[in-house]
Structures are given as structure tokens and as C-alpha cells.
Engineer: 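Quick one: the structure is below, and I'll ask about it shortly.
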Amino acid sequence: MVRWVILVLLMAFWLPRQAYAMHIMEGYLPLGWCLFWAVLCLPALILGTRSLQKQAGDNLKMKLVLALSAAFAFVLSALKLPSVTGSSSHPTGVGLGAVLFGPMAMSVVGCIILLFQALLLAHGGITTLGANTFSMAVVGPTVSYLVFRVVHKYGFGRGVAVFLAAALGDLSTYVTTSFQLALAFPAPIGGVAASFWKFASIFAVTQVPLAVSEGLLTVIMVNWVMKY
Amino acid sequence: MDKPTFALEGVEYNYEDGTQALQGISLGIESGKKVAFLGSNGAGKSTLFLHLNGILRPFRGRILFRGQEVRYARKELARLRAKVGIVFQNPDRQVVIGHVWEDVSFGPMNLGLSPPEVEARVEEALNITGLWDLRDKAVHLLSYGQKKRVALAGVLAMKPEVMILDEPTASLDPGQVHALLELLERLHRQGIQIVLSTHDVDFAYAWADWVVIMHAGRVLAEGLPKDVFSDTDILKRASLTKPVLWRVWEELNKTGLYDGGPPRTVEELSAPIARAAADRRPTFG
Amino acid sequence: MDKPTFALEGVEYNYEDGTQALQGISLGIESGKKVAFLGSNGAGKSTLFLHLNGILRPFRGRILFRGQEVRYARKELARLRAKVGIVFQNPDRQVVIGHVWEDVSFGPMNLGLSPPEVEARVEEALNITGLWDLRDKAVHLLSYGQKKRVALAGVLAMKPEVMILDEPTASLDPGQVHALLELLERLHRQGIQIVLSTHDVDFAYAWADWVVIMHAGRVLAEGLPKDVFSDTDILKRASLTKPVLWRVWEELNKTGLYDGGPPRTVEELSAPIARAAADRRPTFG
Amino acid sequence: MSPVDRWAHANRWRRLHPLQKTVFAAALGGSAFVFPTPVAAIIPVIAGLFLRYGAGIPIRAFLRFMALPLSFLSLGAIPLLVQVQPSGFPLVWSMDGIPGWWIGVNGEGVRTAVTVWVRALAVTSSMYVLALTTPVPDLVDMLRRLNVPEILLEVMHLMYRYLFILMEMAQQTYVAQSSRLGYRSWSRSLSSLGRLGAALAVKSRLEVEDLYRALISRGYRGRLTVLPPPWAVCLKTAAWMGAAVVGLAVAAWLVGRRLHG
């Protein structure tokens, strides 16, 4: 057991920058899975675009709010977290936006952000855009959004709700990514399940502390924003 | 206090995209002097200032603060930054969020001072900058000039020995410039050394004890205002103009009517003119 | 073209938070004149400019453009904005597309011109502003001065009759100010009327045909530079100073040695000084 | 902040039609998926050569761009290499982990890791052929011709402009905070960064009003339209591109014959 922990920790040190590769990188997935995830995202993207058109199609100011929120989320994702490792994948920015425009609309914006990250920063990729959109622009923000609603509804303070929404959003993204990788690369023995635990336990080392700092950061941010 | 505040020796710095921002800067900033850096946009003034506070680290060359080489370990940097404060050109980047009070307390808090000490310093800084009445306002609701003062107060509250101001007069109106100058004068008298950059040759000429002219990442000239501004060639190379009063003085000088040195203010001009006029009247009388 | 470019009658405007930005502005801007608006920050210059291009709509009072009242229907506004271009102080607030060529094409495209016509205008605007070589650059990679020129080109490409510039010289260095002035002079000769705001009394004094002084949402004075700047009282109320050359001239005048009117440039000063000197020499000879 | 973006605006293929570049990049990238691994391994070389001799981007710059994904990837391939299995199955190398489980390397894992490693490298280099030569605004204009919904194009155009503005804001604010000792320790860093993020959110909200004015004053009438600079399809370049892809296909055929024949 101890050796297992040590091995995972070592991996974490080999993977210091893998932290912001919660993005699955370009060309990592086989063609079939690239298409599968892209197609899976399509309904959300189409519905999201429709809802955007309805909300902002003729309203210039709404469009600007949207574009600037997207730019803001992109920049936020590029800020380095003061944590052990790199920066985070930040579904949070998108999660914040989800509260504003609804999760469907934000999946579209999230997809655009991921496209920009692939083009400008070489984070993620065009071929894996579908898979990344699914984990980071659909699952993550939706979990954040739901957690926030539920926790807030049950009378917990805003701080708790925000922290849990951000941290669980982060964690759900990482679980989804691990699952996507496991599906694409099942273990010869033990199959998808064994592979999932392999990927998940490696990512856990960087992603759990990151989710905690991400959560704290979001609480601080939201507190300042709400004050003004 | 005899050692120069700063001594730079062959400082070079390149930006990521390969632009050579500083190409071997060597200069000394004497203790207690009011120093103005002049130069066009892109001359390297702001980049240089970021070195003085340890934000940027030279690729080559070294920087000495009060005779000691600046080191870039966390602790030593903290000590340097506690002594050398920078007020950036755009207050919107410096004044972040919160109430005026919260923003001004940011620096002292980071110094790790006790809450009463922080409070005392914030109060003092707010008073000296005339912001006391605005202390509970949200910073992003302030006017540009007020934000600029908050930025100044935020640095002042750290009680630096040297204050570096990047283009402090940019976008201020004449009244605000006047108020700023009075404040700087007051700080100067309190023993805080002021180093600033500006485009405004007239202002630099009237204010500074020592002028440094930069161009394209190099120091073209440094010296007393009266020496630096007499060098037409250097000013042209730095795409700067001569101060208006200097040019007026040159015109007056040509005539032989004027017997004073170059005046730094219109007031300084008037005495020699009055003398010239007095000289003249008898010849008519 | 005899009608005034703009006539404002009792224009009032309040901001959402209740600040009274314009408190009854009445003034006329004559066709063909180079007009400078002077005033401290917060005097209402920018707010007024936003009215001239129909971005803001007065609460009370009316605005006439070439004798016709400005109406706020979509079509009429589009027509006004095609004729009156505005260049904001901060180019980052004006340049909306990240690519120089495309940004400059944005305005002409909105005019509904054909692509070849748009292309021709973009080319012309890029050439006149000296941006041709930068046409394929990303806006965010340009320097501040270059961005400012992109903002200008974007308005120029719409071929406006009037160009309104909010603080065009702010944050520019002397070389850049000089280049800007040459460009504005060229546009003026092409028949584009230039209206601008500035803090810089020396600049306004040297450049403008007509000066408007604003303070706290009102017009304190308007007139020829020589009339406006002779009113010490008004300048003080607007927290403005007199132009340096004007003050020098006052000093010279006191002595009786100087026989010219107030000079607008140092060069204008030299002839009367030379005359005074020539007058004098014989009395010694 | 984005060296990729800087090259995209300053390369010799700047005026080449974006569609031509996109098709070529897609063909290269597609080849990496469908052709066998030894052929896919040639693709980064082809990409590098086209970037060097076509777009004029030095090999060294290209290698630097490849280095980061390469490091991600090499680390990312390790989990593929390492197998976790119930005990009793043979592995090339193994150690005992959780009781009853084995961790180690076997032939299958090595094959998967190498395949993925080569493929990812090949696809990444193909995408650089596009990303390093074509700035985002060009791609947005191209998408317009492909009938992507207007609202997305508008958001992309404005987002591209504003993310650089916001990034500059963030950087300058970060510098200003550091000069006031804001990042001295972990807890102060977290709190400073929280302030920075919040300020950015507030400021980008305030920016909406200014952007609105800018668009309106320049005659915005419901659609963000710009005239893309004149592009040209270059037939000579297209011939080279075609030759490269055909060459890959031939190589794939030869390798396939060798394997099966």
C-alpha cells in the first residue's frame, strides 16, 4: 500500500503540468472516440446556440456581456493558481457564467473557450474538442450549477455553496476525464473499471488539492464581487 | 546616506518576444535628489522602473540599492519592495477592488504589521493624500484623479524610502497636476526620495534636480537640467523638444537684453526682464 | 456650409447615478473652425462629445447638426454617425476587432458599402495614418501610439465630415504629438473639421481657432484663443492655467520692451524681441 | 502572452487562404489517425518542413512549440504504459502494489503507448500548421463562410480582442500587487489572486458599456461585419501540399503491404 502511494506521488511529480491537462491533449484519443464525444456534445451545443440566439440575438448589450464573460473565463483559466502545481482547468469561470445564462448556453461558450485554448495556448486540441467540451463545458459547469442551487436551497451560506460548487465541479471534471480515458484505453484485464481507477488515482494527486484551492479562490472572488 | 540610492551596472533586459527593452543601462541615482526620467514611449523607462523594485530581473548586469546588490530570493525581495514603492501609470491596474480603506491597507497588511499599526498607517496615508473623506467608497466608483491618489496612498502606507512614479501626470488636468506636485514636494521634505518618469519636458525641467534621458533602451544623457537641456542634439535623438521657457530664454539671449541663466519658471524670468527694462528706461529718459 | 456644424440649445444630461453631467449647454460650433474644448477632468467634455455623435441623448434641450435637429430614430442616427466620427481617448475602448485591417473595415462595412469600396477606403485610411505596413498585425501587439492611430484610421475610413477627438494627445510623447498634429492639419486641409478636447492649455492655445472652456457641466467661456486666455478669472474657476507663452508675454509686456500681441509659438515671439533689441542697440552705439 | 498568436500574425503564409491551410492541416492530422504508426511518425517532419520553407517559421521555433506538448505527452503516455492487473498474469516488469494486484509493464501497454505517443505528436504538429500560420480572426471569417451561426462568430470576434485586453489588465494588476508584496506567501497569494479575479470580473462588466459605445459610434447595426483582407489560394503551395499527402498515402500502402504481404 505504501509503495502504491509512493508510486502515485512520483507520478504526480512527473506530471506536474498535467494539472492543466485536465484537457485531453491533441491526438490522444482514437478517432472513434473523438467523433463519439463530439457527436454527444452536439445536442447541447445546438440547444445552447438556440438559447443564446433567443437571449442575445438582438440585444447588443447581452451579446457583449456574453463575449466579455467568455474572455474573462479564458483569462481566469490562464491565471496560475498559487498551488503546488500549475493552473487549473477552471470549469469555474464557466460555472459562474452558468448562473447568468443557464448551463446550456454556457456549454457553447465553454466550447469556444476550449477552442481558443487549443489554438492560442496549445492546451487540449481540436480533435479532442468534443471530449473536452463534454467534461469541462457540460459536466463540470452543470455539476457546479446544480450543487450551488441545491446547497444554497438547503440554507447553507453562500460561502459553503460556492466552495462546494467550485470544488465539486472541478472534481466531476476530473472524474469524467478519467472515465473518458478509461473508455478509450481499457486495461487488458479488468477492462474499463481497472483503467478508470488507474487514471483516476494518478490525477487525484494533483486534482484534489487543486479542487480545494480552486474552491477557496472562488469563494474569495465571489465574496469580493458580491461586495461591489 | 552617502551611498547612491541606486546604482545600475550594464543592465540588460529582453522581453519574451525578443524585443531588447534595456540594452546596457549604467547609471547612478544619488540619494535625496528629485530625479526625472524623460524619453519617448517605448524608450524603456517603465521597464527600468520595474527593475528598481525587483519585479523584473536583469538578464545581464546588476543593480545596487544603497550599495548592496539586489538579490532575488523571496525574503530579500520583500525587504527591497518594502523600501522602494512603485506607483504605476494606470491606477486602474494598481487599485484593485474594495473600499479605499481596504485597498490602501493591502500593502501594510502584506508587510505583516499588527492591525493597529496598519490602521495608523492607512489613516496617515489617507490624510496626507486628502482621501480621508472617501475612505469608505468603492474604488471603482472613484474618478480617475481620485484613483490615482488611492494608488499613491497605497504605496505611501508602506512607508517606502524611495517612491517611483511612472508618468504620474499623465491624463491629469492642470489643477490635479498642481495638487500632485504639492504632495510630492511634501513627501520630498519628509525625506522620501521621488523618482519619476514623464513625457512632459516643461514639467521635468521645472521640477527635477537630476534628469535622465532615455531612448531605445539606452541612457542618452544624465545630468543637471541646465546641462541636459542645453544639448540640442541629444534631445532631437530622443525625439524630445526643449522646454518652452528654455526656448524663450534662447530668443531673449540672442538679443543681449537678458542677463540671467535659463529660467525654470515664468517667475524666474521676470526679474531679469525687469532689470533689462530698468536699464533701458534711463537711456530714453 | 454657412450653417454652424453644431448648435446646442440648453442641453442637459444626468448620469444614471444622478450626477448632473451637463447642466444646460448652449453653444455653436462654426463650420471649418478648429475647435478645442478645455476643462478639468469631470468638466463634462467627454459627455458632451458623446452627444455630438448621438450616443447619448439629452434629457432636455436639443442639438442641431448643420441646422437640422438631431433625431434619434435608427436611420437618422446612422446618417449622423456616418458624418460625425468620434475618436475616444483610450484606443482599447475603440478598436473592437483584434486585427488592424479588419478593424478599420468595420466602420465602412456598417455604412453598407460594397467590398471594393470598403477595401479602397481601408487602404486610404491605413496609408494616411502610416499604418499600411502594420495592416496584418494583431491590435494587441501594437504600441499605445499605434493603437491610437488604428482608432483614428477606423473613423477616417468612414469619411466623416467632422472628427471629434477626446483627449487625442493624452499619454503620447512629444514626437507622437507632433505627428498627430501634422495628421490633423492634413485632415483639416482636406476639409474635415476637427473638434477636440484637451487638458493641455499650451497645446490648445497654439492649435485652436476657437476655444470652449467647460467646468462642472457648464460652458464658462467660448471665443478666440486670445480673448479666452486673457480672462484670468474664468481660467482660475476652470482650474486651468494660462499658457506659458502667454505668461511670458505678460512679463515682457510689463516692461514695455515688447510691441507684439500674445505669441502662439516661440517663433512668433522672436520677431518682436529682435525688433526691441534692434531699437536698443543704437542708443548704446 | 500567446507566442502562437504572434507567429500567426507574422509569417509568410499570412495571406494564404485560410481554407487552404485548414484543408492541409486536416489532411495531415487525418493521416495520423488512419495511417500506420511508422508513417504517422513522418508527419511532424513534414509539418516542420512546410512551416520552415512555406511559412518561414524557423525549425527552432517549431521545436520549441512542440516541446511543451511533447512533455505533456511523454508523461501522459506513462499511464498507458503502466498496467494494473490482478496478480498471476505475466508482466514484463512488476512490483507488488495493493495486495492481490500487480503493477507493471507489458507488450500491449508498450504498443498502445507508442501508438498514442506518435499519433498525438503527429496531430499536434499538423494543428500547428494551421495555428501558427492563421490568426483567430481569419478562422472566424472562414467559419462565417461555412455558415456557423452569426452569434457565435460575433462572440468569437469580440472575445479574441478582449481576452488580450483582460490578460494585459491581469498581468499589470499582478505586477502591481507583487510590488506591494501581495504574493509573499501561499495564503497571501490566494487572497491576492482572489482580489485580482474579482476585480477582473467587475472591470469586464464595466467594459461592456464602453464596448457598446465603441460599436454604436462606429455604426454597428445588428451584425458585426468586417471585410477580411484579400486572401489568395497559392497553387504552387497547394501542389506541394498535395504531394506531401499523396506521399504519405503511398508510404502507408507500402508499409501495409509489408505487414500483410
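Chain identifiers are assigned alphabetically (A, B, ...) following the order of the sequence lines, protein sequences preceding nucleic acid strands; residue numbering begins at 1 within each chain.
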Engineer: Sort D/Thr124 into side chain, backbone, both or neither according to what part of it lies under 4.5 angstrom from a heavy atom of chain A.
Structural biologist: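 D/Thr124 touches chain A through backbone and side-chain heavy atoms alike.
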Engineer: Which heavy atom in A/Ala165 sits nearest to a heavy atom in A/Ser144, and how many Å separate them?
Structural biologist: O-OG, 3.0 Å
Engineer: Most heavy-atom pairs under 4.5 angstrom with chain A, which of D/Val4, D/Leu121, D/Leu80, D/Val202?
Structural biologist: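 Looking at each of D/Val4, D/Leu121, D/Leu80, D/Val202 in turn, D/Leu80 comes out on top.
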Engineer: Hey, are A/Thr127 and A/Glu26 close enough side-chain-wise for a donor-acceptor pair under 3.5 Å?
Structural biologist: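 Indeed, the side chains of A/Glu26 and A/Thr127 share at least one donor-acceptor pair under 3.5 Å.
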Engineer: Could you check which of D/Leu196, D/Thr134, D/Leu211 has the highest count of heavy-atom pairs closer than 4.5 Å to chain A?
Structural biologist: D/Leu211
Engineer: Given that the side chain runs from C-beta out, which part of D/Tyr174 has a heavy atom under 4.5 Å from chain A: side chain, backbone, both or neither?
Structural biologist: neither
Engineer: Against chain A, label D/Tyr128 side chain, backbone, both or neither, depending on which of its atoms sit under 4.5 Å from a heavy atom there.
Structural biologist: side chain
Engineer: Could you look at D/Tyr212 and say if it's the side chain, the backbone, both or neither that has a heavy atom under 4.5 Å from chain A?
Structural biologist: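 Both the backbone and the side chain of D/Tyr212 come within 4.5 Å of chain A.
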Engineer: With only heavy atoms counted, which part of D/Glu154 is less than 4.5 Å from chain A, the side chain, the backbone, both or neither?
Structural biologist: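 The side chain, not the backbone.
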Engineer: Can you tell me which of D/Val116, D/Val118, D/Val136, D/Leu158 forms the most heavy-atom pairs within a distance under 4.5 Å of chain A?
Structural biologist: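 Of the candidates given, the most pairs with chain A belong to D/Val116.
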Engineer: Which one, A/Leu216, A/Val108, A/Val219, A/Val75, leads in non-hydrogen pairs under 4.5 Å with chain D?
Structural biologist: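 Winner by heavy-atom pair count: A/Val75.
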Engineer: Determine the interplanar angle of the A/Phe74 and A/Phe116 rings, folded into 0 to 90°, and report it as parallel if under 30°, tilted if 30 to 60°, perpendicular if over 60°.
Structural biologist: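 The rings of A/Phe74 and A/Phe116 stand perpendicular, inter-plane angle above 60°.
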Engineer: Just give me the residue among D/Thr112, D/Val34, D/Leu152, D/Asp5 that pairs up with chain A most often, heavy atom to heavy atom, under 4.5 Å.
Structural biologist: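 Top count of heavy-atom pairs under 4.5 Å with chain A: D/Leu152.
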Engineer: With a 6.0 Å cut-off (strictly less than), is the heavy-atom count around CH2 of A/Trp33, excluding the residue itself, greater than 12?
Structural biologist: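 Yes, CH2 of A/Trp33 has more than 12 neighbouring heavy atoms, counting only those of other groups under 6.0 Å.
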Engineer: Please report the shortest heavy-atom distance between A/Ala56 and A/Met62, naming the atom on each side.
Structural biologist: CB-CB, 3.6 Å
Engineer: Looking at D/Ile151, D/Thr115, D/Leu224, which one has more heavy-atom pairs under 4.5 Å with chain A than the rest?
Structural biologist: D/Ile151
Engineer: Would you kindly say whether A/Thr49 and A/Gln53 are connected by a side-chain donor-acceptor distance under 3.5 Å?
Structural biologist: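 Judged by distance alone, the side chains do not pair up.
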Engineer: What part of D/Leu139 gets within 4.5 angstrom of chain A, counting heavy atoms only: side chain, backbone, both, or neither?
Structural biologist: side chain
Engineer: Does the plane of the ring in A/Phe185 sit parallel, tilted or perpendicular to the ring in A/Phe199? Use 30° and 60° as the thresholds.
Structural biologist: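 Correct class here is tilted.
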Engineer: Atom CE of A/Met106 and atom SG of A/Cys111: how far apart are they, to the nearest 0.5 Å?
Structural biologist: 12.0 Å
Engineer: Counting heavy atoms not belonging to A/Phe179, are there more than 12 under 6.0 Å from its CZ?
Structural biologist: no
Engineer: Out of D/Glu209, D/Lys203, D/Glu150, return the one with the most heavy atom pairs under 4.5 angstrom to chain A.
Structural biologist: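 Top count of heavy-atom pairs under 4.5 Å with chain A: D/Glu209.
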Engineer: Which answer fits D/Ala170, side chain, backbone, both or neither, if we ask what part of it has an atom under 4.5 Å from a heavy atom of chain A?
Structural biologist: side chain
Engineer: Heavy-atom cut-off 4.5 Å, strictly under: side chain, backbone, both or neither for D/Ile216 against chain A?
Structural biologist: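 Contact with chain A is through the side chain of D/Ile216 alone.
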Engineer: Which answer fits D/Arg205, side chain, backbone, both or neither, if we ask what part of it has an atom under 4.5 Å from a heavy atom of chain A?
Structural biologist: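 Contact with chain A involves the side chain of D/Arg205 alone.
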Engineer: Inspect the surroundings of CZ in A/Arg50 and state if more than 12 heavy atoms from other residues, nucleotides or ligands are less than 6.0 Å away.
Structural biologist: no
Engineer: Give, as side chain, backbone, both or neither, the part of A/Leu181 having an atom under 4.5 angstrom from any heavy atom of chain D.
Structural biologist: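 Interface part for A/Leu181: neither.
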Engineer: Using non-hydrogen atoms only, which part of D/Leu132 is less than 4.5 Å away from chain A: side chain, backbone, both, or neither?
Structural biologist: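 Contact with chain A is absent: no heavy atom of D/Leu132 under 4.5 Å.
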Engineer: Drop me the distance from A/Ile113's CD1 to D/Met159's CE, to the nearest 0.5 angstrom.
Structural biologist: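 Rounded to the nearest 0.5 Å, the CD1-CE separation comes out at 5.0 Å.
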Engineer: Could you tell me which portion of D/Leu215 (side chain, backbone, both or neither) has an atom closer than 4.5 angstrom to a non-hydrogen atom of chain A?
Structural biologist: side chain
Engineer: Roughly how far, to the nearest 0.5 Å, is CG of A/Leu76 from CG of D/Leu166?
Structural biologist: 10.5 Å
Engineer: With a 4.5 angstrom heavy-atom cut-off, could you sort out which part of D/Val208 is near chain A: side chain, backbone, both or neither?
Structural biologist: both
